[in-house]
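By convention in this document, chain letters (A, B, ...) are assigned in the order of the sequence lines, proteins followed by strands, and residues within each chain are numbered from 1.
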Amino acid sequence: MLDNILSILIFFPALAAMFGFVVAKDSIRAYGVTVAAIEFALSLFLWYAYDPAVSGMQFMESLPLIPAFGISYLLGVDGISLFIIVLAAFFTLIGIASLPDMKRMKDMILTLLFLQMTMIGVFAALDAIVFYVFWELSLVPMLYIIGAWGGPLRIYASVKFFLYTFTGSLVMLVGMLFMAYFYHQATGTWSFSILEWYRLILPENIQLWLFVAFFLGFAIKVPMFPFHTWLPYAHGQAPTIGSVILAAILLKMGTYAFVRFSLPLFPDASVFFMMPIAVLAIIMIIYTAMVAYAQEDIKQVVAYSSVSHMGVIILGTFALNVEGISGSVFLMIAHGVVSGALFLLVGVIYERRHTKMMSEFGGLASVMPHYATIFGVMVMASVGLPLTINFVGEFLSLLGFYQQSHMMTLLAGIAIIVGAIYMLAAFKKVFFGEVTNEKNRNLPDVNKRELVALIPLVIIAIWLGVYPKPVLGPINNSVESIVQLMHEKAVTEEAKARIPDLTSTIVINEAKEETK
Amino acid sequence: METYLYIALFAPLVGSLFAGLFGARPKTIIAGLVPTGLLFASLVSSTILLTHVLAGNTVHVELMTWMETGDLYIPFGFVVDQVSVTMMMVVTIVSTVVHVYSIGYMDHDKGFNRFFSYLSAFVFSMMVLVMSDNFAGLFIGWEGVGLCSWLLIGFWYHKESATWAANEAFIMNRIADLGMLIGIFLIYWNTGSLQYDQVFAAVAGLEISTVVWIGIFLFIGAMGKSAQFPLHTWLADAMEGPTPVSALIHAATMVTAGVYLVVRANPIYDIIPEVGTVIASLGAFVAMFAASMALVNRDMKRIIAYSTLSQLGYMFVAAGLGAYWVALFHLMAHAFFKALLFLGAGNVMHAMSDELDPFKMGGLSKKMKGTFIMMTVASVALAGIYPLAGFFSKDMILEVAFVEHHYILYTVLLLTAGLTAFYSFRLIALIFHGEERYKLFGFDPHEAYKYMLWFMAPLAVLAVIAGMMFKGTYYDMVTQLLPAGEYHVHSAFTYWVMTIGTQIFVGLAIVYAYRKYENAKIDKKVESGFFYQLLFNQYYIPQFYEEFFVKPYRDLSMIFWKHIDLKVVDATVDMIGNTFYKTGKETHVMQNGNLSTMLRWMVAGLVFLLVSAIVFAKANDIFAYMVTIVPGLGA
Amino acid sequence: MEIGLSHYLVLSTILFAIGLIGVMRRKNLLLLFFATEILLNSVNVAFAAISHYHGDLTGQMFAFFVIAIAASEVAVGLGLLIVWYKRTGKIDLDMMTTMRG
Amino acid sequence: MLEPVNVSLESLNLVTLAPMLIAIVGALTILVVDLVKSGLNKTMYVMLSMLFLLLDFGSLVDFAGFFAQNGTILGFFDVMLIDGLAILAQFIIVVGAMMFLPLSLTSKRFHEYSYPEYYALFLFTIAGLQFMVSTDNLILIFVGLETSSLAIYTLIAMHNRSKSFEAAVKYFTMGALAAGFYSFGAMVLYALSGSVEINQIAAVLSADGYSNIGYVLVGVAFLLASFGFKLSLVPFHTWAPDVYEGSSAAMAGFISIVPKIASFVVAMRLFEFLVQSGVVWLEVTLYVFVVVTMTASNIWALVQNDVKRMLAYSSISHAGFVMAALIIGTTQANSALFLYWAMFSFTNLGAFAMLWVNREKSLKYGQNSDHQFERFSGMVHTMPLAAVMMGLFMLSLAGIPPFGIFWGKLYMLGAAVSGGYTVLALIMALNSAIAAFYYLKLIVFMFLKEPDEQAHEKYMTNASLSLKTIIGAAAVMTVFSVFAVNPLLEFITSFVYNSGY
Amino acid sequence: MFEAIAFYLFAILTISMFSIAVLTSQALYALTALAAGMIFISAFFFILGADFLGAVQIIVYTGAVLALYAFGMMFFDTTRDVVEKRTSPMLVFGMGGMAALLIVLIFAAPIVSDNITALYPVQEGVGNAQAVGMVLFTKYLVPFEVAAVMLLVAMIGGIILAGKKMDTSLTLLDEDKSPLSVETNEKAAS
């Protein structure tokens with residue numbers, strides 16, 4: 001069981017979805033919830049069985065797939081991917097559980113299960129091609145979800161989403177092939193295993209090119225400025241569940257890939273591009289926050305805020321030290337929880353009013369107090385209040401990057417200001433003031449089904465904000481090994497200097513322990 | 001002792017959660033009583049801790065790890081030492097009073113339960129702020145009080161002005177918090193820790209410029225919470241919240257957090273006196289600046305708010321000049337009398353159906369005797385008349401300035417003391433004396449509930465005696481942690497001249513205020529004057545912010561969205577797609593279905609191939625020829 | 001004046017070009033097919049000439065097969081023309097533009 | 001006097017003719033059966049053809065085994081050349097034929113399938129193509145090419161409606177022009193080298209160091225134009241969309257796969273040695289062709305309103321993609337060509353079969369072609385399984401992993417990168433992105449649009465059990481192709497490598 | 001000398017004949033010119049010693065191909081003037097002339113190559129037909145047979161397309177209209 005748990009995690013939902021074609025329409029929700037619950041339980045089991053003290057890959061599975069070209073079915077998790085997998089399982093569960101009644105419910109649930117397969121596959125894959133397979137495959141169910149259940153511009157939005165990300169990842173594919181070719185040159189055998197690739201030390205100029213190729217794929221997925229414009233459309237048009245999964249999990253693929261590929265494979269290039277990327281990240285943070293402020297549609301606010309926060313994740317990743325990377329990985333989870341919850345929340349009023357324009361609302365705090373409370377909690381989490389989940393990530397990310405550049409961090413720190421501006425402004429428009437629109441006067445408060453989704457998120461948002469250790473610990477271990485790897489692999493002097501050498505600090509830490 | 005610490009810390013949280021359970025339900029008195037009771041428990045625990053500390057001990061606990069990654073280790077650690085226990089006492093006393101008071105004050109409000117939830121949450125945050133043993137914990141409380149402040153200012157969320165003020169307060173605080181955050185980053189990367197003891201131990205070994213930056217950034221954080229210029233506008237607007245909130249948060253506790261921070265970080269500021277001077281100068285400026293605005297304002301609460309602002313300036317002068325214990329002392333004394341003043345103002349508001357313009361009041365002393373007495377006491381204390389608390393704390397600051405040879409500061413502070421007395425008694429005179437103008441406006445004032453007055457009494461008592469009674473004990477206690485410094489003018493003559501002179505100056509100001517405003521005459525001439533208008537409009541700073549920050553930000557956001565994001569970034573992406581599509585649309589007519597055209601395309605392709613082939617071949621030949629005739633081209 | 005291989009090749013080329021012009025120019029399908037015959041014939045001349053000048057029979061072989069191919073093409077081509085003509089009554093290729101784009 | 005020639009039968013290696021002879025005998029058998037008793041049902045002919053193709057396949061398996069042991073087989077005065085390429089190509093040809101043949105078992109009645117000549121011609125086509133790939137003699141290539149082409153023209157026309165005549169005439173006329181090009185090109189090479197055998201030509205040319213480069217280039221230009229027509233490279237592609245549209249969907253699918261692989265093999269034999277020996281012009285020209293073909297046809301496919309025409313342009317684009325192998329010229333690239341084409345054939349089979357299944361006899365009002373996108377709108381509601389399958393085929397064509405074509409694309413891109421053609425690889429990759437748009441267009445219509453009110457029931461008008469089976473099989477192969485890739489790749493690579501490519 | 005005269009004479013003749021075939025608007029002229037051109041071409045074959053080819057040329061082309069064309073012409077009734085809408089003649093002649101010019105440019109230089117060895121040399125004293133036969137039935141036996149198959153294919157194709165089988169389109173015919181009736185009718189007729 002434990003040996004193949006990752007495969008089970010990946011293919012169980014897909015298999016269940018296949019069987020699900022037979023299930024009658026009226027029972028499909030129960031079926032979906034059950035499957036997702038089992039999957040979630042499995043993912044929790046994975047977490048339980050995961051040894052947090054080990055920094056490397058665990059639950060490895062390996063099966064030669066195309067040995068002639070070095071492609072193998074290679075899976076494994078470490079502290080970085082573990083929690084995103086759990087999160088993916090979790091969000092699928094609550095996504096299905098809180099699904100409002102809609103047309104073609106069955107298709108939706110089955111699509112979600114397929115999507116789950118691809119999501120978990122991406123985070124569990126350790127072979128570049130297997131990774132790529134799931135990475136691309138995840139576009140398909142999302143295309144369907146946005147395109148079939150979305151708003152009036154849904155087709156434009158979904159196709160744009162698909163093509164944009166597809167284009168980026170094709171460039172990435174070429175990069176992967178080049179990497180494999182380089183490996184072939186160096187060792188004489190083909191391999192797409194990331195772990196094998198880690199062992200290669202590349203000359204700097206090659207690193208730069210490869211970094212750019214990978215970057216394009218990842219950056220569009222994240223999405224980084226100026227490749228972000230598909231996102232507002234995708235979110236704006238997607239049904240609630242689509243936005244939730246997109247924001248919570250799919251966007252993480254990009255940032256996760258930075259940590260998994262770009263940093264350890266190309267340490268020198270990472271250092272070389274650190275500042276340009278930081279500039280992009282800062283533009284992302286501030287610019288999109290301002291754009292978010294200008295929005296009239298509450299969902300667009302959340303969408304742009306999502307981009308803005310992703311900027312912080314990127315910044316943390318390119319801090320290239322343990323604090324920053326741990327922070328950014330943690331922020332991935334945090335952002336998943338928070339923006340997922342915000343999209344769910346927006347879905348709640350959309351479900352009732354079928355509009356997302358903020359001008360249509362106002363004074364909802366008195367009509368829907370519970371709703372307003374939960375929304376308020378999530379807004380506060382989103383603006384990064386301490387003791388909420390986001391703060392831990394943002395704090396560590398910014399803290400990490402501060403070591404690299406003071407001014408940049410100062411600029412990036414504006415995030416906490418501009419973030420508050422648009423979030424509070426939006427909150428004010430929707431919830432405060434008198435109820436001006438008669439249609440809003442008798443809106444029912446959140447119902448049980450919605451609470452099922454929202455309450456756990458609130459709990460997580462606060463629990464991990466107060467006590468992040470169970471998550472941060474394993475992340476930290478794995479990140480440390482990555483940073484150490486980067487340091488050892490770095491070719492240039494600058495990179496050696498920029499990326500901390502942990503072996504020296506470990507000694508200090510031990511000394512610290514002794515003094516305690 | 002740890003148990004008491006935890007009780008002191010978590011009792012308000014429990015109270016908050018308890019009240020929160022009733023949040024969306026109609027008013028239940030129990031939602032008010034339980035938090036109040038818990039807060040009282042917190043007060044008792046704090047007092048026990050105080051005795052413990054007075055005995056010369058400190059309590060330091062580590063609850064659990066918060067963040068641990070890389071070299072960073074941040075626990076939830078709490079320390080009860082001389083400084084924090086002082087703050088704890090202030091916080092718990094004032095908040096207990098305010099809680100009880102609020103049971104009466106919020107009696108008829110729909111959001112009764114919610115209010116207590118927020119209020120207790122605030123106390124919890126404040127306790128975290130003051131008790132934390134590291135900068136990160138401090139930041140938790142720092143932001144927590146910000147959140148509660150936001151919730152409470154915007155408590156009446158139906159009111160546009162209230163929600164606007166709430167957001168303004170939150171965002172302005174956030175601006176400062178960024179500074180604070182950067183300060184924390186600087187500390188971490190330079191000292192490797194965020195624990196106070198380790199930081200303070202390491203800070204001496206750092207380069208002076210680094211410490212200067214740390215000091216500056218931490219102070220920027222302090223500026224936001226303590227509403228120092230130029231981040232002061234939110235405090236006056238924050239008066240949109242319920243009055244007990246103003247008393248607790250915007251007078252006694254939260255706004256003093258900045259002072260607390262500077263006091264707490266005294267080992268840092270000790271190294272960098274230049275920064276301290278800047279802080280003191282800014283403090284003095286704010287003291288004067290705020291007082292000047294208070295002179296002409298026609299909103300009771302705003303006047304008190306400006307007065308708070310002004311007093312915070314005093315505190316910063318003390319802190320900046322290194323007299324940390326003086327600053328903390330004034331903080332404490334100020335908390336008592338300013339809270340009292342606000343609560344009194346709350347009574348008046350209640351009586352006057354939330355009317356705030358003192359020019360519509362007058363002669364209320366008959367109807368509201370208790371309130372009148374208490375507010376007068378508070379005002380006297382504020383003005384710094386012997387032997388009330390204000391005298392001991394505020395005049396001490398003047399002395400500090402004098403002793404440290406900052407005569408300009410001294411002069412400014414002295415003038416401000418006069419202004420303080422003037423506007424305080426202007427307010428008292430307008431509200432409680434003179435004609436009963438309220439009748440013209442059809443108000444029917446009534447005194448507040450008895451128990452509210454009774455529970456205000458402790459504050460009144462403290463406002464009277466805090467200076468006299470506690471100064472010695474306090475000094476002995478606090479100087480165990482803070483740098484001790486006796487700020488006595490060496491020459492007894494000078495001392496007496498100064499003290500008495502100040503008293504007389506203040507007294508004159510009071511008398512002038514009474515004379516001028518007893519009858520609430522409005523001098524049209526003065527009012528239309530430039531200075532009056534300038535002060536009345538708060539030096540046009542809010543307008544300035546509106547014009548130069550808020551509006552441009554909004555417009556720029558709009559431009560970013562409509563013009564850059566949609567018309568440049570997105571349009572570029574679409575353009576790439578459309579280019580392909582349009583090219584297809586334009587060129588697919590080449591497939592016009594006519595066989596002749598197709599055949600011609602084929603021949604054209606052939607001709608193209610031939611042309612290129614022959615050009616290539618000829619070029620090849622020519623190149624070969626060149627190689628033969630020009631030596632050195634290589635072969 | 002010796003007639004060399006080049007002469008034949010040039011002649012062949014000219015004939016080929018004439019064929020090309022015909023192919024491009026003709027709108028009547030039957031006459032267009034004439035032009036394709038010219039193309040093949042022109043090549044045959046060249047093959048024969050090369051065969052002659054190289055003293056190698058392969059060229060003649062090629063030419064022979066080209067003739068065979070030309071003949072078969074005529075059969076199929078005329079068959080196609082006939083069905084087309086039966087259906088439409090025209091063999092003008094300008095009429096044949098139902099599929100486009 | 002001419003001396004009598006003694007030829008030992010053994011040296012002729014008669015067996016090399018076996019696969020083609022089987023096909024020819026099959027065709028003749030069908031004709032004879034028809035003579036003996038006419039009016040037999042088409043199912044009989046289909047199965048008879050299938051049997052002969054199976055025999056053909058069996059003989060190929062035999063050859064494959066033989067080749068694996070002994071290497072290239074020459075026969076008949078070295079006219080026949082059975083090397084790895086020939087065997088691989090014949091495998092694809094025969095398997096492709098076997099896949100497309102059962103598509104004639106439709107439930108609707110179509111003209112061509114009612115006549116035994118159709119099946120005979122079909123088998124002749126196969127035989128012609130087999131000849132074409134298993135020789136390096138320009139004459140035999142030419143004759144084989146024409147045999148298959150003439151048969152295909154007839155097969156297209158036999159669909160018997162005005163569009164198919166139009167298509168056949170266009171194809172024929174352009175084919176005649178291409179034949180002219182071919183013979184001229186062959187003539188020039190013959191003039192240069194005195195031989196019509198590719199390896200001889202190569203030997204002679206390299207022996208005198210390409211001194212007559214101008215001649216060589218003229219000859220190559222003509223041959224390139226001719227094969228450009230066969231491989232539908234822009235601007236010689238203009239026949240393709242019209243022919244695809246005019247012929248029946250099954251035939252269109254067949255044309256898009258089977259004849260092309262034969263042409264690829266010949267092009268490999270013809271051009272690769274030139275590229276390898278440093279004829280820069282050819283390399284550059286092929287580069288331009290590949291890029292232009294891929295890009296231009298993708299762009300035109302974007303604006304099509306008819307699925308079949310879209311697929312036609314897409315096939316052109318895929319052909320252009322595969323042509324890259326000729327430039328790269330490594331073993332990996334050449335193997336990738338075969339792998340790609342094998343994968344492509346499954347998927348394209350499925351896609352065209354799907355069109356064939358929903359073919360209606362008469363056009364609905366407002367339509368001017370058979371397979372307009374509107375016909376597919378909302379298909380997922382009315383026919384979920386069919387829609388899902390068609391969606392799979394489209395995704396595969398777009399190169400979404402893990403479906404069939406992705407692996408071909410991957411390997412080809414890998415070959416390009418390894419061969420040092422990184423920019424080319426990027427262009428190829430980005431073209432996939434353009435292509436994704438029009439494949440998505442169909443998916444959008446099928447999955448994201450609401451169904452057309454009237455058109456509900458008529459999707460499967462033409463379906464029969466065998467058609468459904470074929471589509472199902474194609475879908476299964478497309479989805480699970482990943483497991484087939486490795487054995488296939490090893491097989492292909494060893495064959496290609498042992499043939500010296 | 002004789003060879004040169006013959007070459008130029010026939011070159012001019014063929015060029016002009018083919019030009020007429022391509023350029024004239026009279027279908028009959030075109031056909032006649034084509035036939036004449038074909039025969040003149042065979043003259044080259046004879047000059048070059050390819051007697052067999054020359055004979056085949058005359059028989060196949062003038063005998064078979066042109067007969068077919070003539071038949072087609074009568075069938076299509078194109079004996080009268082062919083009205084052809086001309087489009088961009090400049091382009092046509094330009095491209096044709098260009099192609100010719102380019103190749104001529106190359107061909108103007110003689111082919112010099114020492115490496116050409118005749119694989120099937122023309123032997124002295126052997127009649128051309130005989131020599132061709134030898135090669136044809138040894139080396140080129142397979143292509144020859146395939147050519148036979150090709151001719152068969154062409155024949156079947158021609159018959160199918162031009163015959164009655166294509167008269168009624170079963171593809172377009174509705175299902176309920178029995179195809180058998182058509183076929184049985186045909187059989188009855190034959």
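Among the candidates Lys469(A), His228(A), His406(A), the residue making the largest number of heavy-atom pairs closer than 4.5 Å to chain B is His228(A). Heavy-atom pairs under 4.5 Å with chain B peak, among Phe431(A), Tyr304(A), Phe427(A), at Tyr304(A). For chain B, the option among Ala292(A), Gly419(A), Ala365(A) with the highest count of heavy-atom pairs below 4.5 Å is Ala365(A).
Heavy atoms closer than 4.5 Å to chain A are found in both the backbone and the side chain of Met67(B). Heavy atoms of Ile564(B) lying under 4.5 Å from chain A belong to its backbone as well as its side chain. Within the 4.5 angstrom heavy-atom criterion, atoms from both the backbone and the side chain of Trp66(B) approach chain A. Contact annotation for Ile175(B): both backbone and side-chain heavy atoms come within less than 4.5 Å of a heavy atom of chain A. Leu186(B) touches chain A through backbone and side chain together, each having a heavy atom under 4.5 Å away. If you measure heavy-atom distances from Trp150(B) to chain A, the contacts under 4.5 Å come from the side chain alone. Within the 4.5 angstrom heavy-atom criterion, only side-chain atoms of Tyr188(B), from C-beta onward, approach chain A. Contacts between Phe76(B) and chain A at a heavy-atom distance below 4.5 Å involve the side chain alone, from C-beta outward. With a 4.5 Å cut-off on non-hydrogen atoms, Val483(A) does not touch chain B at all.
Ring geometry, Tyr287(A) versus Phe560(B): the interplanar angle falls from 30° to 60°, so the pair is classed tilted. Phe395(A) and Phe185(B) have tilted rings, their planes meeting at an angle from 30° to 60° on a 0 to 90° scale.
Under the 4.5 Å side-chain criterion, counting only non-hydrogen atoms from C-beta, Thr69(B) is not in contact with Phe330(A). Considering only heavy atoms from C-beta on, Val573(B) stays 4.5 Å or farther from Phe227(A) through its side chain.
Listed here is the closest heavy atom pair of Ala420(A) and Arg174(B): CB-CG, 4.0 Å.
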Exercise. Can you list the steps and then say if Tyr156(A) with Asp574(B) is a side-chain contact (heavy atoms from CB on, under 4.5 Å)?
Worked result: CA-CA 11 Å; Tyr156(A) 171 77; Asp574(B) 279 4; 2.5 Å; yes

